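Below you'll find the structure, written out as structure tokens, and then a few comments.
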Amino acid sequence: MNENASVKNPVNLRLPDGSVRTFDGPVTGTTLASVIGPGLLKAALAIKVGGELWDLNREIEADADVSIITKRDDDGLELMRHDAAHIMAEAVQELFPGTQVTIGPVIEDGFFYDFARDKPFTEEDLEVIEKRMHEIVKRDENIIREVWDRDDAVAYFKKIGELYKAELIEAIPAGELVTIYRQGEWLDLCRGPHLPSTGKLGDAFKLMKVAGAYWRGDSKNAMLTRIYGTCWRDKKELKAYLLRLEEAAKRDHRKLGREMDLFHLQEEAQGSVFWHPQGYTIWLALEKYIRTRLQGAGYREVKTPQVLDSKFWEQSGHWAKFRENMFVVPDEVPNTEEDGPVLSGDAKLMALKPMNCPAHVQIFKQGIKSYRDLPIRFAEFGCCHRNEAHGALHGLMRVRQMTQDDAHIFCREDQVTEESVAFCALLASVYKDLGFPEFQVKLATRPEMRAGSDEVWDKAEGALEAALKAANLEFEYAPGEGAFYGPKLEFHLSDAIGRTWQCGTLQTDFVLPERLDASYIGEDGNKHRPVMLHRAILGTLERFIGIMIEHYAGKMPLWMAPTQVAVAPITSEADEYAQNVADRLSALGMRVNTDLRNEKINYKVREHSHAKVPVILVVGMREAEEGKVSMRRLGSNENKVMTLDEAAVQLSAEATMPTGN
RNA sequence: GCUGCUGUAGCUCAGGGGUAGAGCACUCCCUUGGUAAGGGAGAGGCCGGGAGUUCAAAUCUCCCCAGCAGCACCA
């Protein structure tokens, strides 16, 4: 051995407070923590070395800026969640030998782990697994990092029957080293880092649910069984989280839709909404609003056929790619005889439109368009049908019959950026009006299966990115997630429990105008292809209303509320006056409901509050004699007595639809 | 479509091999009451659908359907 190897260089570690600790050789985070104090040693989970998270027991050999990570740090909590996943895997393999492990990442609020097992886990198994996890925490097994040769690791995991793990390691380039973490008898391939021992996890975790998930996210692969868990710093945080989930469930639009009598769904028309008067009132208010905004932005509204010949969809490319999700209609008079099949099977096929673009192109193609006419913006509240997979349906969020606030902008190539910027601004303004100043933006780029040349895609993606930058919107890329005819911007909003849903979209398309042969006459007298921008702000009225119901927890802004005001007399002697109050407000265009039932005022207030009516006007003989009303706002228990005139002015002003200012 | 779970009155749910239960809602009566449940009476269900086991099925078994959670998909 080289003599010099034993000569140690001093290591200087600088702490966040600027102080420096010097050691006469390589040192671990554990040692550092113990030098600083026993309290910190106990709390320490990992160490950050030059911005990188390391295991506490890994030796630091060179000078570095360091900080000890405890569960107070977000990094610490993330480590705990990661370890919770490992500990769950250890528990599962102890309890259910023969189960293979795959991957187990940290997610928002928790973690999951995907297992391969002949018999999927059930909810009942969760209790047992969770109990075993607590035992593993109690055992306080040391978690040890080991560096293995990649090929050795593959061989090892194959030998013990962990074929998925072996496959994962095989994806790592040959000759590279891999890290293995060992806790007790159990070990797993992992990049790390990890807690120093299982005991550091604590007890603030809970297994939440089991679900299926495809290996590597591909439905052609085997289905694994995934167990989701949540993990927090302490019991108090865990409890708060569970409470938060409970509260969020109360805002579920499906529940509120029933409670507020807005809409319903039923088996005979799965995925298609029955809008009730109250719900359709919200719809009409929203539609009116968006129509006004579109008119102000130079759009012209059109209406196109519901059923179109399949040759259209063949031309557009949708038939090839989406036929299995289209409702096909044979163009045939059904057999009315008692016997024989109803349909012959050889009729010409038509289809309910799954989107509006080809129809809008047909309108564009009528007559000859000049470059001077562009841009042309056709808007349609287009009712579309898509035969979505059963498992995809979800209340108003994912339906089979949907109405898009769709529009197509036909423009010259040099107008694409300007139009895109204008669209982004319009969308941001609409979202703000509707109560969503914040939203997520994604730029979805070319998918594997696509139409059009790479050159065209370069142009299309470039235009969208330029628009985002010009509109000063932050965004992230969604590689490979574009439509088959072009890249798209996706504007996402979240529901009550944090699931995100795409609402608005902007798609540049150089392909469909070509396929459907749309052209305009340019300045040079020659035919040119217009660029088509597909765009929707709300996406579908169904989904957007669903999101709004959850966002507002049913307490819609006054201008959208199905019933804006309930007038409730205290005694039947005030009925006539109550009716006068209601008539006065109705004349101002407000949606008013009088409650003349033989019930106590407490009862009426309670009921209208539950129905989320924004304003209750209580009138008794006192008010009737003085021409006043007692106004009670939803969510407040204050009552303001004012004259009917004051109330009328105040409420009708407040019920005015926003206009983007 | 895939995996798991669920399906009993309008709603929320209990029950569980022997003729179906509660609360709220609904109808009627009493009550005219001042800001989140006044009192009484009544009506309401082939226990998601179909097949099977059994003397007997809402209950057990199988097959469908739908819903829920997640995955896959999302023009």
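Below, chain A is the first sequence line, B the second, and so on; all start at residue 1. For clarity, every value in this text was computed on a predicted model and none was experimentally measured.
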Problem - Rounded distance [0.5 Å steps], CD in A:E490 versus CZ in A:F439 - result: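 Rounded to the nearest 0.5 Å, the CD-CZ separation comes out at 13.5 Å.
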Handout entry: Nearest-0.5 Å distance, CZ of residue A:R400 to CG of residue A:L393
Key =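 Answer rounded to 0.5 Å: 5.0 Å.
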Exercise for the section: Give a yes or no on this: more than 12 heavy atoms of other residues, nucleotides or ligands lie within 6.0 Å of atom NZ of A:K311. Expected result: no
Practice task
May I ask you to check whether A:Y113 and A:F115 place their ring centres under 6.0 Å from each other?
Solution key: yes
Exercise for the section: Please check the phosphate of B:G67 (OP1 and OP2 only) for any side-chain N or O of A:R254 closer than 4.0 Å. Expected result: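 Answer no for this pair, as no side-chain N or O of A:R254 is under 4.0 Å from OP1 or OP2.
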Exercise for the section: Please state whether the phosphate of B:G34, meaning OP1 or OP2, lies under 4.0 angstrom from any side-chain nitrogen or oxygen of A:R622. Expected result: no
Close N/O contacts between protein and nucleotides 48-51 of chain B (under 3.5 Å):
none

Problem - Nearest to side-chain heavy atoms of A:Y485, which nucleotide of B:A75, B:U35, B:A72 - result: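 It is B:A75.
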Problem - Closest listed nucleotide, where the reference is the side chain of A:A389 and the choices are B:C74, B:A36, B:G1 - result: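 Nucleotide nearest to A:A389's side chain: B:G1.
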Practice task
Can you tell me, in whole Å, how much space there is between the C1' of B:G42 and that of B:A25?
Solution key: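 Result for the C1' pair: 14 Å, nearest Å.
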Considering residues at least two apart in sequence or located in another chain, which fulfil the side chain to side chain donor-acceptor pair (under 3.5 Å) criterion with [X]?
X: A:R450; result: A:D454
X: A:S316; result: A:H318
X: A:Q278; result: A:T563
X: A:R633; result: A:Q650, A:E654

Would you be so kind as to tabulate the donor-acceptor pairs closer than 3.5 Å made by side chains of residues 477-487 of chain A, with sequence neighbours excluded?
unit_1, atom_1, unit_2, atom_2, d
A:Y477, OH, A:E465, OE1, 3.1
A:Y477, OH, A:E465, OE2, 2.6
A:Y485, OH, A:Q507, OE1, 2.4

Exercise for the section: Could you list by number each residue of residues 218-229 of chain A showing a heavy-atom separation from RNA chain B of less than 4.0 Å, or answer none if no residue does? Expected result: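 Only A:S219, A:M223, A:R226, A:Y228 qualify.
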Practice task
Mind running a 4.0 Å heavy-atom check of residues 96-118 of chain A against RNA chain B and sending the residues that fall below it, in number order?
Solution key: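 When residues 96-118 of chain A is checked for heavy atoms under 4.0 Å from RNA chain B, there are no hits whatsoever.
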Fill in the blank from the handout: Taken in chain and number order and not counting sequence neighbours, the residues that satisfy salt bridge (charged side-chain N to carboxylate O under 4.0 Å, His left out) with A:E314 are none
Handout entry: Counterpart residues, salt bridge (charged side-chain N to carboxylate O under 4.0 Å, His left out), relative to A:K604 (two or more places apart)
Key = none
Exercise for the section: Give the stems involving RNA chain B, where a stem is 3 or more consecutive Watson-Crick or G-U wobble pairs (i with j, i+1 with j-1, and so on) under 3.5 Å. Expected result: B:1-7 with B:65-71, B:10-13 with B:21-24, B:26-30 with B:38-42, B:48-52 with B:60-64
Exercise for the section: Go through the steps to decide whether A:R535 and A:D406 satisfy the test salt bridge (charged side-chain N to carboxylate O under 4.0 Å, His left out), and finish with yes or no. Expected result: CA-CA 6 Å; A:R535 38 108 300 160; A:D406 200 7; 5.8 Å; no
Exercise for the section: Sort out for me which residue in A:V619, A:V618, A:I616, A:V615 forms a side chain to side chain contact (heavy atoms under 4.5 Å, CB included) with A:V629. Expected result: A:V619
N/O contacts under 3.5 Å, protein versus nucleotides 37-43 of chain B?
unit_1, atom_1, unit_2, atom_2, d
B:A37, N7, A:R606, NH1, 3.4
B:A37, N7, A:R606, NH2, 3.4
B:A37, N6, A:R606, NH2, 2.7
B:A37, N1, A:R606, NH2, 3.0

Problem - Among A:R251, A:H253, A:K250, side-chain hydrogen bond (donor to acceptor under 3.5 Å, both in side chains) partner for A:E550 - result: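 One option only clears the test, and that one is A:H253.
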Exercise for the section: State whether A:R597 and A:E607 are salt-bridged, where the test is any N-O pair (Lys NZ or Arg NE/NH1/NH2 against Asp/Glu carboxylate O) under 4.0 Å. Expected result: yes
